[in-house]
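In what follows, chains carry the letters A, B, and so on, assigned in the order in which the sequence lines appear, proteins first and then strands, with residues in each chain numbered from 1.
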Protein chains: 2
Amino acid sequence: MDTNVTQLLKTYELKVTPQRMCIVEELMKNGHLSIDELYEKIRERFPSLSLATVYKNIHAMMDKNFIKEVKIPNVKSKFELTKNDHAHIICEKCGKVEDVDVNSLSIIKEVEEKSSYKIDHTDLIFSGICPECLTKES
Amino acid sequence: MDTNVTQLLKTYELKVTPQRMCIVEELMKNGHLSIDELYEKIRERFPSLSLATVYKNIHAMMDKNFIKEVKIPNVKSKFELTKNDHAHIICEKCGKVEDVDVNSLSIIKEVEEKSSYKIDHTDLIFSGICPECLTKES
DNA sequence: GCCTAATAGAAAATAATTGTCAATAGAAAA
DNA sequence: TTTTCTATTGACAATTATTTTCTATTAGGC
Ligand SMILES: [Mn+2]
Ligand SMILES: [Mn+2]
Ligand SMILES: [Zn+2]
Ligand SMILES: [Zn+2]
């Protein structure tokens, strides 16, 4: 999995550094992380890492389309490794963020018809209560 | 329309000040504005207004659910007067932001089934090219 | 009109992000 | 391997964005 990360970075034309490998590994492990969460996670394993380096790498990786920003109501943006188009669900209780595959073809079509725009991208965020939090309350 | 704004603010339990009326009028006129756009617009009519006042009012109005933040990929958040649930379309060429009414019942249902979450809110952003920009290029 | 709590504005404080620069470390070439 | 060259790192400064503090003013109720 070490070589895995190395190869991944190379595929996206990103020089392989220990700092970057660390970032990728944390994103693989945790899915969606804010800058601060990412910074804290990495410092546990890599205490010398500087926050500026995190910012710089986040930008480099976004430029190469290797990672994506997810903007969520009320909280700081999260970042994730780029993968197949998908929507996000946020639990308003515990803050958990999850992926969900939805078929967005029909809603895109509806939007295109109503607006006359040519749509090429969607950002769909659903907020609610996750199954765990649902059972806990009630 | 002056009394209109006054009444609106009172409805949302917000003390009526000239600064607030100005904010509301600009939002009514322009639809979706970032903090900076709002600040600039208002200064034309109300040069003494301070940026901190804009921030404070934006927060007060969000707390009362009178306005809403719209988070859009790549650009600073916009704010709008709260209205019926609706989605947003962004033109990637000219940056225009428009409302669009979509029927989200079926996609919400799909998400709930796939995730077991209880969804109570959606933020749907569609990005593409607006009809005006479409004709200009090609 | 008078009273009181809320709000405005100026400025300082804090938080978030970006830029600078010398030292270092990838990675490609020799 | 060793050399070379450029990109990256980390410390720190500089910006930019947002929030707080404080005092004077004002809206809205009595
Ligand atoms: Mn995701
Ligand atoms: Mn809108
Ligand atoms: Zn939860
Ligand atoms: Zn356009």
Side-chain angles (χ1 to χ4, degrees), chain A residues 2-26 33-64 66-67 69-79, chain B residues 2-26 33-64 66-67 69-79:
Chain A
D2 197 59
T3 349
N4 185 6
V5 174
T6 302
Q7 281 311 315
L8 247 184
L9 284 167
K10 283 184 179 161
T11 305
Y12 283 87
E13 303 177 274
L14 290 159
K15 216 180 202 179
V16 179
T17 69
Q19 291 87 344
R20 281 176 180 174
M21 292 185 60
C22 220
I23 289 174
V24 176
E25 284 162 10
E26 287 303 330
L33 293 173
S34 69
I35 289 269
D36 305 318
E37 289 163 347
L38 193 52
Y39 182 51
E40 285 314 318
K41 295 264 182 207
I42 295 172
R43 297 197 95 199
E44 291 170 17
R45 289 202 285 146
F46 205 130
S48 70
L49 182 108
S50 121
L51 181 56
T53 298
V54 179
Y55 275 105
K56 282 182 253 192
N57 279 324
I58 288 291
H59 283 132
M61 291 173 174
M62 286 213 287
D63 289 346
K64 297 290 187 181
F66 180 43
I67 65 173
E69 180 176 5
V70 185
K71 290 192 172 188
I72 300 171
N74 311 315
V75 302
K76 283 190 80 177
S77 288
K78 312 263 183 188
F79 296 87
Chain B
D2 198 57
T3 350
N4 185 6
V5 174
T6 302
Q7 280 312 316
L8 247 184
L9 283 167
K10 283 186 179 161
T11 305
Y12 283 86
E13 302 178 275
L14 290 160
K15 220 176 197 181
V16 179
T17 70
Q19 291 86 343
R20 282 176 179 175
M21 292 186 61
C22 220
I23 290 175
V24 176
E25 284 162 11
E26 287 304 329
L33 293 173
S34 69
I35 290 269
D36 306 318
E37 289 164 347
L38 194 52
Y39 182 52
E40 285 314 318
K41 296 264 183 207
I42 296 172
R43 295 195 97 199
E44 292 170 16
R45 286 203 285 145
F46 205 130
S48 70
L49 182 109
S50 123
L51 181 55
T53 297
V54 178
Y55 275 105
K56 281 184 272 198
N57 279 324
I58 288 291
H59 283 135
M61 290 173 176
M62 286 212 289
D63 289 347
K64 297 292 187 181
F66 179 44
I67 66 173
E69 181 176 6
V70 185
K71 290 191 172 187
I72 301 171
N74 312 312
V75 302
K76 285 191 80 177
S77 288
K78 311 263 183 188
F79 296 86

With respect to the side chain of Ala52(A), which nucleotide from dT17(C), dT9(D), dG19(C) is positioned closest?
dG19(C)
From CD of Glu13(B) across to P of dA5(C) the rounded distance in Å is 18 Å
Closest to the Phe46(B) side chain: dG28(D), dT8(D), dG9(C)?
dG9(C)
Using the side-chain heavy atoms of Thr17(B), tell me which of these nucleotides is nearest: dA8(C), dG10(D), dT19(D).
dA8(C)
I need the CE-P distance between Met21(A) and dT8(D), as an integer number of Å.
16 Å
Value in whole Å for how far the C1' atom of dA17(D) lies from NZ of Lys56(B)
15 Å
Arg20(A) side-chain N/O to Lys15(A) backbone N/O, donor-acceptor pair under 3.5 Å:
yes
Nearest-Å distance for atom pair CG/P, residues Leu38(B) and dT18(D):
13 Å
Can you identify which nucleotide, out of dA16(C), dT18(D), dG28(D), has its nearest atom closest to the Tyr55(B) side chain?
dT18(D)
Heavy-atom pair with the smallest gap, counting every atom of Lys76(A) and Asp36(A):
NZ-OD2, 3.0 Å
Return the value, rounded to whole Å, for the distance between atom CG of Asn57(A) and atom C1' of dA25(C).
14 Å
Can you tell me if CG on Asp63(A) sees more than 12 non-hydrogen neighbours from other groups inside 6.0 Å?
yes
Residue matched to dG28(D) through Watson-Crick or wobble contacts both under 3.5 angstrom:
dC3(C)
Which nucleotide wins on minimum distance to the side chain of Ser50(A), given the candidates dA8(C), dG10(D), dT18(C)?
dG10(D)
If you take all heavy atoms of Phe79(A) and Ile67(A), which pair is closest and at what distance?
CD2-CD1, 4.3 Å
Donor-acceptor pair, Lys71(A) side chain versus Ile72(B) backbone, under 3.5 Å?
yes
Looking for any heavy atom pair under 4.0 Å, which part of the strands does Tyr39(B) touch: base, sugar-phosphate only, or nothing?
nothing
For Ile35(A), report the nucleic acid contact type (base, sugar-phosphate, nothing); a contact means any heavy atom under 4.0 Å.
nothing
Quick one: closest heavy-atom pair of Tyr39(A) and Ser50(A), and the distance?
CE1-C, 3.9 Å
Whole-Å gap separating P (dT18(D)) and CG (Asn74(A)):
15 Å
Gap between atoms CZ and C1', on Phe79(A) and dT17(C) respectively (whole Å)
11 Å
Partner nucleotide, any strand, of dA30(C) [Watson-Crick/G-U, under 3.5 Å]
dT1(D)
Paired to dA13(D) by Watson-Crick or G-U wobble criteria (both distances under 3.5 Å) is dT18(C)
Considering only side-chain heavy atoms of Pro18(A), which listed nucleotide, dG26(C), dA16(C), dG9(C), is closest?
dG26(C)
Tell me whether the OP1 or OP2 atom of dG10(D) has a side-chain N or O from Gln19(A) closer than 4.0 Å.
yes
Of Lys76(B) and Val16(B), whose nearest nucleotide on DNA chain D comes first from the 5' end?
Lys76(B)
Testing dT18(C), dA27(D), dG26(C) for proximity to the side chain of Lys15(B), the answer is dA27(D)
Spacing of Ile58(A) atom CD1 relative to dA16(C) atom C1', expressed in whole Å:
14 Å
Per nearest nucleotide of DNA chain C, the residue lying toward the 5' end, Asp36(A) or Leu14(B), is Leu14(B)
